[in-house]
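Please read the structure below before turning to the comments.
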Amino acid sequence: MRRTGVLPAILMPIAVGCSSGSGAKAKTTGATAQVRVVNQNLLHGNACPADSNRCDLPRRVALFARQLVRGDCPELVAIEEANRQTVAELRKQVPGPCRYHLVYEGDPGQDREVVLSTFPVLGSERRRLAGPLRTALWVHVATKVGGVDLVATHLASSSDDRPCDGSTCPAPCAVSDTLNACQGREAVAFLQAKRLPQSVAILAGDPNAKPDEPPTHATPPACCVDTPAAAGTPEPPPPPAPNPA
């Protein structure tokens with residue numbers, strides 16, 4: 001689903017066991033703590049009027065940064081539709097109260113993922129998905145309760161989605177997939193390949209799909225839990241149609 005503007009972020013607390021160390025070697029002690037995860041599509045603004053500075057991207061990024069501060073600095077933040085201007089604006093905010101580490105990998109594309117983390121970042125990698133316009137960004141962070149592996153991605157929309165073929169959509173995709181569903185499979189496979197055995201694995205992003213559409217069906221149930229559904233969070237209603245002139 002294509003949405004515009006600064007969107008309501010998804011805040012996902014993850015309960016995990018407390019540990020005596022960091023990374024995959026952390027051992028649980030039975031107590032629990034939370035790692036809060038926010039996902040946000042910030043709209044790159046490529047289709048905005050030329051004189052709008054990408055629909056006022058600097059002020060939208062600053063607004064989002066203020067929202068993170070008011071939310072008591074969620075520990076992991078996945079951002080989609082970022083570009084070099086978005087990253088430059090984010091870097092102005094990163095030294096603020098939340099003191100985020102910013103992971104970008106320097107990709108010059110116009111629709112890329114960024115991850116902010118209050119935890120030390122021990123590894124990161126960007127991978128191109130089928131298409132080839134889309135990518136997925138993996139980060140591994142060390143928290144007080146163990147390792148967390150997160151993959152953020154933004155899958156094909158109506159502007160670039162299309163049927164697959166054998167050369168465009170290699171395994172783990174199926175030739176019967178759409179590009180959107182194939183990219184969902186690839187993002188899951190990327191997360192499964194990069195995660196450490198005892199890490200918490202998180203797949204975040206903008207799937208450009210409703211719950212009953214691909215890539216939801218392309219995600220193996222044994223792999224992942226639909227956290228908004230598990231938390232009872234309803235799908236947000238579509239924005240109201242504009243009033244006729």
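Not measured: the values here are computed from a predicted model.
- Between Asn83 and Tyr104, the shortest heavy-atom contact is C-OH, 4.1 Å.
- Placement of Leu137 and Leu133 in two distinct hydrophobic clusters is found when ILVMFWY residues are connected by side-chain heavy-atom separations under 4.5 Å, directly or transitively.
- Put simply, the side chain of Arg36 gets close to the backbone of Gly71: a donor and an acceptor are under 3.5 Å apart.
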* Asked: Does the pair Asn180 and Thr178 meet the rule for a side chain to side chain donor-acceptor pair (under 3.5 Å), with working shown?
  -> CA-CA 5 Å; Asn180 174 277; Thr178 62; 4.8 Å; no
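- Asp160 places a side-chain N or O within donor-acceptor distance of the main-chain N or O of Ser157, the cut-off being under 3.5 Å.
- Residues forming a side-chain contact (heavy atoms from CB on, under 4.5 Å) with Asp149 (at least two apart in sequence, or on another chain): Trp138, His140, Leu191, Arg195, Leu196, Ser199.
- The CG atom of Leu129 lies 4.5 Å from the OG1 atom of Thr153; values are rounded to the nearest 0.5 Å.
- Cys73 has its SG atom within less than 2.5 Å of the SG atom of Cys98.
- With rounding to the nearest 0.5 Å, the separation of CG in Asp111 from NE2 in His154 is 5.5 Å.
- Residues Val114 and Thr86 have side chains not in contact (no heavy-atom distance under 4.5 Å, counting atoms from C-beta outward).
- Between the side chain of Arg127 and the backbone N or O of Glu186 there is no donor-acceptor pair closer than 3.5 Å.
- Nearest approach of His44 to Gln110, heavy atoms of both residues: CD2-O, 3.3 Å.
- The two residues Thr118 and Pro74 have their closest heavy-atom pair at CG2-O, 4.2 Å.
- Inter-residue side-chain proximity for Asn53 and Arg59 is flagged as unmet; no heavy-atom pair is nearer than 4.5 Å.
- Here the CG atom belonging to Asp56 is positioned 9.5 Å from the SG atom belonging to Cys48, to the nearest 0.5 angstrom.
- In terms of the side-chain contact (heavy atoms from CB on, under 4.5 Å) criterion, residue partners of Arg70 (sequence neighbours excluded) are, by chain and number, Arg66, Gln67.
- Using modelled atom types and a 3.5 Å distance limit, the side chains of Thr135 and Glu113 yield a donor-acceptor pair.
- Looking only at distances, a side-chain donor or acceptor of Arg162 sits under 3.5 Å from a matching main-chain atom of Gly131.
- Here the CG-CZ distance, from Leu43 to Arg60, works out to 4.5 Å after rounding to the nearest 0.5 Å.
- Counting heavy atoms from C-beta on, the side chains of Arg134 and Leu179 never come closer than 4.5 Å.
- Of all heavy-atom pairs spanning Val121 and His101, the tightest one is CG2-CB, 4.1 Å.
- Atom CD of Gln34 and atom OG1 of Thr143 lie 12.5 Å apart (nearest 0.5 Å).
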* To do: Please report the C-alpha distance between Val141 and Ser117 in whole Å, then the side-chain angles of each, then the deciding distance to 0.1 Å, and finally whether the side chain to side chain contact (heavy atoms under 4.5 Å, CB included) criterion is met.
  => CA-CA 8 Å; Val141 298; Ser117 172; 3.6 Å; yes
Identify each donor-acceptor pair in which a side-chain atom of residues 87-97 lies under 3.5 Å from a protein atom, sequence neighbours left out, and give them as a table.
none

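- A 4.5 Å side-chain heavy-atom check between Leu68 and Tyr100 finds at least one atom pair inside the cut-off.
- Annotation for Leu150 and Ala78: closest pair CD2-CB, 4.4 Å, computed over non-hydrogen atoms.
- No donor-acceptor pair closer than 3.5 Å links the side chain of Thr168 to the backbone N or O of Asp165.
- To the nearest 0.5 Å, atoms CG (Leu42) and CG (Leu63) are separated by 9.5 Å.
- Sulfur-to-sulfur, Cys173 and Cys182 sit under 2.5 Å apart at their SG atoms.
- Side chain of Gln183 to main chain of Ala156: a donor-acceptor pair is present (N/O by atom type, distance under 3.5 Å, no hydrogens or angles).
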* To do: With side chain to side chain donor-acceptor pair (under 3.5 Å) as the test, would you mind laying out the steps for Asn39 and Glu80 before giving the verdict?
  => CA-CA 8 Å; Asn39 186 77; Glu80 296 82 50; 3.2 Å; yes
